[in-house]
There are 2 protein chains.
Amino acid sequence: MAQRVKLSTIGEALGLSTATVSLALRDSPLVADVTRERIKEAARELGYIYNRRAASLRTSRSGIVGVCVHDVMNPFYGEILKSIESELDRHRQTFILCNHHDDLSKQRSFTDTLLQLGADGAILSPALGTPAADIRLAEENGLPVILIARTIEGAGVEGFRGDDAYGMGLAVDHLVSLGHRSIAMIGGTRATSTGREREAGYRAGLERGGIAFRPEWRIEGPRDRHSGFASASEFLALPERPTAIVCFSDLVALGVMYGLARGGVRPGIDVAVVGYDDIEEAEIAMPPLTTVSNGQSEVGERSASALLQRLQGVEAAERTTLIEPQLRVRQSCGAPLPR
Amino acid sequence: MAQRVKLSTIGEALGLSTATVSLALRDSPLVADVTRERIKEAARELGYIYNRRAASLRTSRSGIVGVCVHDVMNPFYGEILKSIESELDRHRQTFILCNHHDDLSKQRSFTDTLLQLGADGAILSPALGTPAADIRLAEENGLPVILIARTIEGAGVEGFRGDDAYGMGLAVDHLVSLGHRSIAMIGGTRATSTGREREAGYRAGLERGGIAFRPEWRIEGPRDRHSGFASASEFLALPERPTAIVCFSDLVALGVMYGLARGGVRPGIDVAVVGYDDIEEAEIAMPPLTTVSNGQSEVGERSASALLQRLQGVEAAERTTLIEPQLRVRQSCGAPLPR
DNA sequence: CTGAAAGCGCTTACAG
DNA sequence: CTGAAAGCGCTTACAG
């Protein structure tokens, strides 16, 4: 099925070559001003639609950037995506989104698709267990990759993420300063760099406070609201109940808080709860959630501009930039509720 | 920059023509079994990457479907997207996601991009104020469109959405049956079909209950968690305070509930609150939220398969299918909390 | 069962 | 400042 209106259609209508039409539509200074205006006008009138596949076949530039994260519905990623989107928009790059739900094969089929479409680059929060070879394969086939949120040893590409160990340390230090000596950690898994880092921060904080780590107070696993909610009963069943909880993420913390409330225990009054990420919902939760801001928008913005740099031809830098997290104290760790 | 390995590279390596290689890789029965296997093996060894832009330029089929909604972070759309994704995945279509944030120009630039990429189709929850002409333009240029969640008069395409008027009626009827005579409605705008329909259902429910509509009890506007939260104080300032609230959406209802709680009024005890959509979070909210299930996954699945039908060549059907909503009674409208 | 050739709609040297 | 021609990597009739 041939295209209705193409460069040659415009050319014929005006008695010009496709070369001139092509140059004019892309604002080349080679074309005389009047000619350009005539061409643009004709294009508009004829309802011309630029054929990007043809152009990209010729130039091997597609204007497409792929972004793949665990789950776009997760507000943590949502805030990163928002800033990636606005950065890429400004540079007229189309962005293709994908959830891999930590499924390696989904992530692979996505990068394959990007390769097949001749995407210009990809921003990836790599699925759990992603081998460095997957990233290198993409790079070797001309697809520049930037990593966000998670790190992969030996991938040899640039990355941006919050300093998770430091941030979780801030949370624990704060609880210790409030006098807590029994602090549980709920959620996260050692299978991701994020999970490992945040647990490391938790342990380091305990150590700084002179508090021994107790394995029964480390409830691993929960990474979303529902499993956080479910884990509250596990916490409540603990023989010796801690007075405070740091959570892997805000989503987990919100689930935990509502789970505690359902069990008749008041978060922020009976048990201190701290989250991680500072998602938008944190400040209007009941009670407002004390949390650690993870610099989502900075991660998004900097990863997008790093990718854009590489598209400009700047050499890849093998380094991971850590964004400094910040503690946001609200009421869930014990301060009185505002009225 | 030429492609490293292409059909001709494989052909040369094996002493075969690109035609045979092309057919073999797509499992044509025309190619002898042994030949096909040799070709596939060579392709694997050489690290061949299929060039979809070249193929699509030739066939004018791209395997791309665009999906554009107000905001992918909104859990209501999230659930629709999830089922669209799995349906399209099964048919090996790549899907491109886009948020228009109710910005017409963003939506237009997205459909332009789809047209330029030669996308096979689009599923759209149209931005506020989308003229029917926008949809027709896409269709005329060979981009089949399916509408979800919102309707556009005169667009002449197929659509799927919940029966919003009926569903909101269910919510009001339930509150009336519990004895409520003063029922406010918070959120939504008359600028969308959804907003209009839900308000119509609210009014119809009041009428069935023999209750007069009171404009001061119709708080328009809020459509997300934050504005719902903010509107709670407006509600609390009402001189004569209603005993129940129906909300435009669960997100609004959750915001309202936490806003009421912040103001010292207990949702589900002092004021009954009902949401709309039955998002996953509704059942673990504090208190668990009574709401109306809007059939998100059915909307997603049916819109995707309707689009796939059209890609098979089935004629467009100009009709909107209404999915029947269902009331989900939980504790936020007055039943006692479970322990 | 396999091959030679044309063509999808662009862009890019190269001439003029 | 404008045009003629080649080529990006596929697929598809058409021959054989």
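Computed over heavy atoms, backbone and side chain alike; hydrogens, waters and symmetry mates excluded. So that the names make sense, note that chain A is the first sequence line, chain B the second, and so on, each numbered from 1.
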Quiz prompt | Rounded distance in Å - CZ (A:R61) to C1' (C:dT11) | solution = 15 Å
Practice problem: Answer yes or no: is there an ion pair linking A:R223 with A:D102, defined by an N-O contact shorter than 4.0 Å? | Solution: yes
Quiz prompt | Residue-phosphate contact under 4.0 Å: B:Q116 side-chain N/O, C:dC10 OP1/OP2 | solution = no
Quiz item: Do the side-chain N and O atoms of B:R26 and B:S22 include a donor-acceptor pair separated by under 3.5 angstrom?
Solution: yes
Quiz item: In whole angstrom, what separates A:L7's CG from C:dG9's P?
Solution: 10 Å
Exercise. Look at B:R52 and D:dC10 and indicate whether a side-chain polar atom (N or O) is within less than 4.0 Å of OP1 or OP2.
Key: no
Practice problem: Let me know, please, whether B:L23 or B:A54 comes out on the 5' side of the other along DNA chain D by nearest nucleotide. | Solution: B:A54
Exercise. Could you check whether A:G15 gets within reach of a base, just the sugar-phosphate, or nothing at all, counting any heavy atom under 4.0 Å?
Key: sugar-phosphate
Practice problem: Give the rounded distance in Å between these two atoms: CD of B:E12 and C1' of C:dG3. | Solution: 14 Å
Quiz item: Rounding to a whole Å, what distance do you find between B:L30:CG and D:dG16:C1'?
Solution: 14 Å
Practice problem: Rounded off to whole Å, could you give me the CG-to-P distance for the A:L25 and C:dG9 pair? | Solution: 16 Å
Quiz item: Out of C:dT11, C:dG3, D:dG3, which nucleotide sits closest to the side chain of B:A19?
Solution: C:dG3
Quiz item: Does any donor atom in the side chain of A:S193 or A:R161 lie under 3.5 Å from an acceptor atom in the other side chain?
Solution: no
Quiz item: Does any nucleotide pair with C:dA13 by Watson-Crick or G-U wobble geometry, both distances under 3.5 Å, and what is it?
Solution: none
Self-check item: Residue A:Y48, side-chain heavy atoms: nucleotide from D:dC8, C:dC10, C:dT11 that is nearest
Solution: C:dC10
Practice problem: Would you indicate, yes or no, if D:dT2 has its OP1 or OP2 atom less than 4.0 angstrom from a side-chain nitrogen or oxygen of A:T35? | Solution: yes
Exercise. Mark yes or no for whether B:N99, through its side chain, and B:H101, through its backbone, hold a donor-acceptor pair below 3.5 Å.
Key: no
Quiz item: What nucleotide among D:dT11, C:dA4, C:dT12 has an atom nearest to a side-chain atom of B:S17?
Solution: C:dA4
Quiz item: From D:dT2, C:dG3, D:dT11, pick the nucleotide closest to the side chain of A:A32?
Solution: D:dT2
Quiz prompt | B:Q296 side-chain N/O to B:E79 backbone N/O, donor-acceptor pair under 3.5 Å | solution = no
Quiz item: Which nucleotide, C:dC10, D:dT11, D:dC10, lies nearest any side-chain atom of B:S22?
Solution: D:dT11
Practice problem: Kindly say if A:T18 contacts the phosphate of C:dG9, meaning a side-chain N or O under 4.0 Å from OP1 or OP2. | Solution: no
Quiz item: Judged by atom type as modelled, is there a donor-acceptor pair below 3.5 Å linking the side chain of B:E87 to the main-chain atoms of B:A304?
Solution: no
Quiz prompt | Counter-base of C:dA4, judged by Watson-Crick or G-U geometry with both distances under 3.5 Å | solution = none
Quiz item: Can you tell me how far P of D:dT2 sits from CZ of A:R36, to the nearest Å?
Solution: 10 Å
Quiz item: So which nucleotide from C:dT11, C:dG7, C:dT2 ends up closest to the side chain of B:R58?
Solution: C:dG7
Quiz item: So, is B:R26 near the phosphate of D:dT11, with a side-chain N or O under 4.0 Å from OP1 or OP2?
Solution: yes
Quiz prompt | Distance in angstrom units between B:K6 NZ and D:dC10 C1', rounded | solution = 11 Å
Quiz item: Taking atom P of D:dG9 as reference, at what distance in whole Å does atom CD1 of B:I10 sit?
Solution: 13 Å
